[in-house]
Chemist: 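What follows is a structure written as structure tokens; I'll ask about it next.
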Amino acid sequence: MGSRIGGLMFQPVKIAPSILSADFMNLENDIRMIEEGGAAYVHVDVMDGHFVPNLTIGVPHVKQLKRITKLPLDVHLMIANPLEQLPWFLQAGADILTVHAETLEGQWLDRAIQLIHDAGALACVALKPNTPVDVLSTVIDKLDMVLVMSVEPGFSGQSYIEGSEQKVAQVAAMAREVGNEALLIEVDGGIGEKTVERVCAAGADVIVCGNAVFAADDPKQAIHDITVIGNASH
Ligand code: DX5
Ligand code: ZN
């Protein structure tokens, strides 16, 4: 392991399939499938119908997921009041907890990161497509991961917003400036075989895939192929 020119410290690309696109009636089967396919994390999209229009799953589901898989749970909170709810998600077994920068200003973002770290989980802050990376300037040195949204949060199956890879590069540059070489950069939305190359070239380490995995004819093969393409440009 060593540092490199394009991004931060070199780490192989990790795939985090988003179960929002899985078969909820056969979720355990789908979890086994992504485990066998080489997924690194299970990406869990929590939506409250306020911060985003959609409404998905919550604390009880995270608790049950924790019981059936050893894969780390990468919990992406798209909720308006993360400070109130994040202790419950941490208790339920979130290994990585992501809060949106747009929901927590100033000291409250610090507070959220502190609570996540106190629980022994990894802290991640997500940015919607129109949120500038500057909002991370006071916390980037404390973060384990930054999530760059490459679609408007709310739904799976949307198209990648062109140019999102530039924001990945900006986050990598900002992290390098403060010496946070271990920071992971995750990209979420519209990523598949066609788009993974450009985000990994810009410095992305963790790739969220909803439809590109679960709507593929062969999801295990899709995880493999996306990983290979991502690593080739990473
Ligand atoms: C969108 C969610 C994503 C979504 C990804 O708000 O955060 O995780 O499920 O799905 P795809 O990969 O299909 O865009
Ligand atoms: Zn997500």
Side-chain angles (χ1 to χ4, degrees), residues 13-24 27 30-31 33-34 37 39-58 61-62 65 71-80 82 85-86 89 94-103 121-131 144-165 167-168 171 184-200 204-217 219 222-223 225-227 229-230:
V13 167
K14 296 178 172 72
I15 308 294
S18 160
I19 56 167
L20 190 54
S21 298
D23 178 354
F24 275 97
L27 191 54
D30 275 5
I31 299 285
M33 181 174 70
I34 62 169
Y41 308 135
V42 179
H43 185 82
V44 183
D45 287 305
V46 177
M47 304 186 188
D48 66 352
H50 294 280
F51 178 64
V52 290
N54 205 358
L55 190 61
T56 58
I57 59 178
H61 307 89
V62 173
L65 279 166
L71 286 179
L73 302 181
D74 172 28
V75 178
H76 178 188
L77 297 184
M78 284 161 276
I79 62 177
Q85 293 200 16
L86 67 86
F89 284 99
D95 297 279
I96 304 172
L97 196 62
T98 298
V99 294
H100 263 269
E102 303 81 8
T103 62
L122 299 184
C124 176
V125 173
L127 304 176
K128 286 169 68 168
N130 292 326
T131 304
D144 303 291
M145 188 159 90
V146 168
L147 192 169
V148 174
M149 290 297 308
S150 42
V151 298
E152 285 298 336
F155 301 93
S156 55
Q158 303 181 75
S159 298
Y160 176 83
I161 297 173
E162 296 299 329
S164 301
E165 65 277 11
K167 198 186 261 184
V168 174
V171 173
L184 291 167
I185 303 177
E186 181 175 47
V187 186
D188 185 3
I191 309 287
E193 287 175 35
K194 291 200 177 84
T195 43
V196 68
E197 190 176 349
R198 67 191 88 161
V199 294
C200 288
D205 310 285
V206 181
I207 304 299
V208 177
C209 293
N211 276 18
V213 166
F214 290 107
D217 292 338
I223 293 174
D225 293 347
I226 294 165
T227 308
I229 301 169

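Order of listing sets the numbers, starting from 1, for every ligand and every atom in it. Here the structure is a predicted model, which is why all the values come from computation and not from measurement.
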Chemist: Which ligand 1 atoms are under 4.0 Å away from a heavy-atom of Cys209?
Modeler: 12 (O)

Chemist: Could you go step by step and tell me if Glu193 and Ile226 meet the side-chain contact (heavy atoms from CB on, under 4.5 Å) rule?
Modeler: CA-CA 5 Å; Glu193 287 175 35; Ile226 294 165; 3.9 Å; yes

Chemist: With side chain to side chain contact (heavy atoms under 4.5 Å, CB included) as the test, pick out the partner of Val46 among Val75, Thr98, Leu97.
Modeler: Val75

Chemist: Using a distance-only test with no angle check, is there a side-chain donor-acceptor pair under 3.5 angstrom linking Asp74 and His76?
Modeler: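 Result is no, nothing qualifies.
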
Chemist: Determine which of the N, O or S atoms in Asp188 is closest to the Zn ion (ligand 2) and give its atom name.
Modeler: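 Closest N, O or S atom of Asp188 to the Zn ion (ligand 2): OD2.
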
Chemist: Flag the pair Glu152 / Asn130 as yes when at least one side-chain heavy-atom distance between them is below 4.5 Å, and no otherwise.
Modeler: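 When only atoms from C-beta onward are counted, Asn130 and Glu152 do touch, with a gap below 4.5 Å.
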
Chemist: If only atom types and distance count, is the side chain of Glu102 paired as donor or acceptor with the main-chain N or O of Thr131 below 3.5 Å?
Modeler: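 Not at all, since once roles are kept as given, no pair shorter than 3.5 Å links the two residues.
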
Chemist: Would the number of heavy atoms belonging to other residues, nucleotides or ligands and lying under 6.0 Å from CD of Glu197 be above 12?
Modeler: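 No, not enclosed.
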
Chemist: Determine whether the side chain, the backbone, both or neither of Ser18 has a heavy atom under 4.0 Å from any heavy atom of ligand 1.
Modeler: side chain

Chemist: Counting each atom of ligand 1 from 1 as listed, which ones have a heavy atom of Asn211 under 4.0 Å away?
Modeler: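 This gives 11 (P), 12 (O), 13 (O) as the contact atoms.
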
Chemist: Output the list of atoms in ligand 1 that are nearer than 4.0 Å to some heavy atom of His43, sorted by atom number.
Modeler: 8 (O)

Chemist: Report yes or no: does a heavy atom of Gly154 sit under 4.0 Å from some atom of ligand 1?
Modeler: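 Within the 4.0 Å threshold, so yes.
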
Chemist: Should Val148 and Asp188 count as side-chain neighbours, where that means a heavy-atom distance under 4.5 Å?
Modeler: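 No, side chains not in contact.
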
Chemist: Check for a donor-acceptor pair, side chain of Asp30 on one end and backbone N or O of Ile19 on the other, with a separation under 3.5 Å.
Modeler: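 A pair under 3.5 Å: no.
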
Chemist: Which N/O/S atom belongs to His76 and is the closest one to the Zn ion (ligand 2)?
Modeler: ND1

Chemist: Quick check on contacts: which atoms of ligand 1 are under 4.0 angstrom from a heavy atom of Gly189?
Modeler: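 It comes down to these atoms of ligand 1: 14 (O).
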
Chemist: For ligand 1, which is the ligand I care about here, please tell me if Ala212 has any N or O atom under 3.5 Å from one of the ligand's N or O atoms.
Modeler: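 N/O-N/O distance below 3.5 Å does not exist for this pair.
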
Chemist: Among Ile15, Val208, Val213, Val199, find the one that has a side chain to side chain contact (heavy atoms under 4.5 Å, CB included) with Ile191.
Modeler: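 It is Val199, the one option of Ile15, Val208, Val213, Val199 that forms the side chain to side chain contact (heavy atoms under 4.5 Å, CB included) with Ile191.
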
Chemist: At a 4.0 Å threshold, what atoms of ligand 1 neighbour a non-hydrogen atom of Met78?
Modeler: 6 (O), 7 (O)

Chemist: Output the list of atoms in ligand 1 that are nearer than 4.0 Å to some heavy atom of Gly190, sorted by atom number.
Modeler: 11 (P), 12 (O), 14 (O)

Chemist: Walk me through it: do Val44 and His61 pass the test side-chain contact (heavy atoms from CB on, under 4.5 Å)?
Modeler: CA-CA 9 Å; Val44 183; His61 307 89; over 6 Å; no

Chemist: Can you confirm, on distance only, whether ligand 1 has an N/O atom lying under 3.5 Å from any N/O atom belonging to Asp45?
Modeler: yes

Chemist: When you measure from atom 10 (O) of ligand 1 to every protein heavy atom, which one gives the shortest distance, and what is it?
Modeler: Ser156 CB, 3.3 Å

Chemist: Report yes or no: does a heavy atom of Phe155 sit under 4.0 Å from some atom of ligand 1?
Modeler: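 Right, Phe155 reaches ligand 1.
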
Chemist: Any idea which protein heavy atom is nearest atom 5 (C) of ligand 1, and the distance to it?
Modeler: Asp188 OD1, 3.5 Å

Chemist: Short list, please: which atoms of ligand 1 are under 4.0 Å from a heavy atom of Gly210?
Modeler: 10 (O), 11 (P), 12 (O), 13 (O)

Chemist: Quick check on contacts: which atoms of ligand 1 are under 4.0 angstrom from a heavy atom of His76?
Modeler: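 Heavy-atom distances to His76 below 4.0 Å select 7 (O).
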
Chemist: Can you name the N, O or S atom of Asp45 that is closest to the Zn ion (ligand 2)?
Modeler: OD1

Chemist: Measure the spacing between CG of Asp205 and NZ of Lys14 and express it to the nearest 0.5 Å.
Modeler: 7.0 Å

Chemist: Return yes or no for this condition: an N or O of Met149 is under 3.5 Å from an N or O of ligand 1.
Modeler: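 In fact, backbone or side chain, Met149 has no N or O that close.
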
Chemist: Between Leu65 and Ile31, is a side-chain contact (heavy atoms from CB on, under 4.5 Å) present by the stated rule, with each step listed?
Modeler: CA-CA 9 Å; Leu65 279 166; Ile31 299 285; 3.8 Å; yes

